Amino acid sequence: AIIYNSLIKGFCELGNMQEADRIFKEMSEIGLVPNEITYTTLIDGCCKKGSLQDAHKLYVEMVKKGLTPDKFTYGILVHQYWKEGELVNLFKLLDEMGEKGLSLDTATYNTIIHGICNTGNMQEASHLLKVMIDKKYTPNHVTYSTIIDGYCKAGNMQYASMYLKEMLDKGLMPNTITYTVLIDGYSKQDNMVEALRLFDEMIDKGIAPDAIIYSVLINAHCKRGNLKEASKLCKEMYEKGMVPVSGTYDALICGCCNEGRMTDAVKLLDEMAKGGAVPGVSTYNLLIHGFCKQGNMEEACRLLTEMMNRDLIPNDTTYNYMIDGYNKVGNTDEVNKISNKMAEMKLVAD
RNA sequence: CGGCAGGACUA
């Protein structure tokens, strides 16, 4: 059953729920009994696909079979109900948990704290952290990273670093993610000195940087027009044997586009392919935006076709850039054509 | 064998 559970998890991660379901059925056929973990894994898969109905069906099915949903099962469901804003169902679930004598565990608290942070109400979020501690739950590094991220996004770096201190005082180790949110916060407050200091501190502590933290720094440098520093970091990344992701290049390409260096930007797109990174919709959006701003609609068009040839689906941002560009060169025919196309695809033009 | 936190396009 363990092997089957792992297989199911694998397919869920790929978003291939049909295959996961097939394995689930196959399991029963050969006489293996799915357990709590099998169901919980499948429920998680459904939630990540956004089909809360299927998840709930599985939940009912597992209860009917006499299996007991545990803190994982509830944690996953709480996460999804919150995300979908289904507060009525969420409270039903919490009541049910109460009846069974299950209380929220740290991960589920983290989920809720994250949800509150996203509403921007940091008082409420840190209040919940206090409640959690009062109830003798131990906040972990995820809890603190979540709170710190909330304060960083609110631009409140004092509180962010205060919570970092609190975290350290409790003997919790910050990790790459903790540093990423802080560095991102400081660089967005235009405090590169502190951002870079934290980066050094992290390296000193032996915490390994990853592709995301590099793209945060690269992006910060690019936004301030410091392309030299940005490409230096890009090289450093390579040297550390890190696999570049499209986001890393996006930052650099963004920097080039903002300076109107479109030739360099296109060069980066090629380089990216060679490095094994896959350009995403946002990558093309950056380039298309760059060319549209310059009124170079031939290139913009070329990239639009290229992206579709790569099975990337242009979104509303893409088309709005194109409209903007054609407006700039006074080509109303094309503007109308694209507007109609967008309407057909139910995309919003602005 | 299962759940929670981080970056990039939005003119």
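Just so it is clear: chains get the letters A, B, ... in the order the sequence lines come, proteins before strands, and each one is counted from 1. Remember, predicted model here, so these are calculated numbers, not experimental data.
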Any chance [atom1] of [X] has more than 12 other-residue heavy atoms, nucleotides or ligands included, within less than 6.0 Å?
{"X": "A/Lys337", "atom1": "NZ", "result": "no"}
{"X": "A/Lys232", "atom1": "NZ", "result": "no"}
{"X": "A/Tyr137", "atom1": "OH", "result": "yes"}

With a non-hydrogen cut-off below 4.0 angstrom, is [X] in contact with a base, only sugar-phosphate, or nothing?
{"X": "A/Ser215", "value": "base"}
{"X": "A/Asn327", "value": "nothing"}
{"X": "A/Thr146", "value": "sugar-phosphate"}
{"X": "A/Thr108", "value": "base"}
{"X": "A/Ile76", "value": "sugar-phosphate"}
{"X": "A/Leu286", "value": "sugar-phosphate"}
{"X": "A/Thr73", "value": "base"}
{"X": "A/Thr176", "value": "base"}
{"X": "A/Val142", "value": "base"}
{"X": "A/Thr41", "value": "sugar-phosphate"}
{"X": "A/Lys293", "value": "nothing"}

Would you tell me if any nitrogen or oxygen in the side chain of [X] comes within less than 4.0 Å of OP1 or OP2 on [N]?
{"X": "A/Lys188", "N": "B/A8", "result": "yes"}
{"X": "A/His114", "N": "B/G6", "result": "yes"}
{"X": "A/Lys9", "N": "B/G3", "result": "yes"}
{"X": "A/Lys153", "N": "B/G7", "result": "yes"}
{"X": "A/Lys223", "N": "B/G7", "result": "no"}
{"X": "A/Tyr214", "N": "B/G7", "result": "no"}

Using atom [atom1] of [X] as one end and atom [atom2] of [N] as the other, report the distance to the nearest whole Å.
{"X": "A/Met272", "N": "B/C9", "atom1": "CE", "atom2": "P", "answer": "14 Å"}
{"X": "A/Asp250", "N": "B/C9", "atom1": "CG", "atom2": "P", "answer": "8 Å"}
{"X": "A/Lys48", "N": "B/G3", "atom1": "NZ", "atom2": "C1'", "answer": "7 Å"}
{"X": "A/Ile207", "N": "B/G6", "atom1": "CD1", "atom2": "P", "answer": "18 Å"}
{"X": "A/Ile253", "N": "B/A8", "atom1": "CD1", "atom2": "C1'", "answer": "10 Å"}
{"X": "A/Phe291", "N": "B/C9", "atom1": "CZ", "atom2": "P", "answer": "19 Å"}
{"X": "A/Tyr326", "N": "B/A11", "atom1": "OH", "atom2": "C1'", "answer": "17 Å"}
{"X": "A/Leu93", "N": "B/G3", "atom1": "CG", "atom2": "C1'", "answer": "13 Å"}

For the student: nearest non-hydrogen atoms of [X] and [Y], plus distance:
{"X": "A/Val33", "Y": "A/Met27", "answer": "O-CE, 4.2 Å"}
{"X": "A/Ala251", "Y": "A/Cys222", "answer": "O-SG, 3.3 Å"}
{"X": "A/Ile147", "Y": "A/Ala125", "answer": "CD1-O, 3.8 Å"}

Query raised in the report: Are the ring of A/Phe72 and the base ring of B/G2 both nearer than 5.5 Å at their centres and tilted by less than 30°?
Result: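 Stack criterion met.
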What nucleotide among [options] has an atom nearest to a side-chain atom of [X]?
{"X": "A/Ile213", "options": "B/G3, B/G6, B/G2", "result": "B/G6"}
{"X": "A/Tyr321", "options": "B/G2, B/A11, B/A5", "result": "B/A11"}
{"X": "A/Asn35", "options": "B/U10, B/C1, B/G7", "result": "B/C1"}
{"X": "A/Asn5", "options": "B/C1, B/C4, B/C9", "result": "B/C1"}
{"X": "A/Asn285", "options": "B/C4, B/C9, B/G7", "result": "B/C9"}
{"X": "A/Asn140", "options": "B/C4, B/C9, B/A5", "result": "B/C4"}
{"X": "A/Asp70", "options": "B/G2, B/U10, B/G6", "result": "B/G2"}

Does [X] contact [N] through a side-chain donor or acceptor facing the base, at a distance under 3.5 Å?
{"X": "A/Asp316", "N": "B/A11", "result": "no"}
{"X": "A/Asp105", "N": "B/G3", "result": "yes"}
{"X": "A/Thr178", "N": "B/G6", "result": "no"}

Query raised in the report: Hey, quick one: are A/Phe199 and A/Tyr186 part of the same hydrophobic cluster, counting side-chain heavy atoms closer than 4.5 Å, chains of contacts allowed?
Result: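 Yes: a chain of side-chain contacts under 4.5 Å links A/Phe199 to A/Tyr186.
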Query raised in the report: Can you get from A/Val142 to A/Ile213 by hopping between Ile, Leu, Val, Met, Phe, Trp and Tyr side chains that sit under 4.5 Å apart?
Result: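 No, no single cluster joins them.
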Query - Output field: ring centroids A/Phe24/A/Tyr39 closer than 6.0 Å - result: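 Between A/Phe24 and A/Tyr39, the centre distance is under 6.0 Å.
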Query raised in the report: Is the shortest heavy-atom distance from the side chain of A/Met262 to the side chain of A/Glu299 under 4.5 Å?
Result: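 Not touching, per the 4.5 Å side-chain cut-off.
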Query raised in the report: Tell me, which of residues 298-315 of chain A have any heavy atom that sits under 4.0 Å from an atom in RNA chain B?
Result: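 Contacting residues: none.
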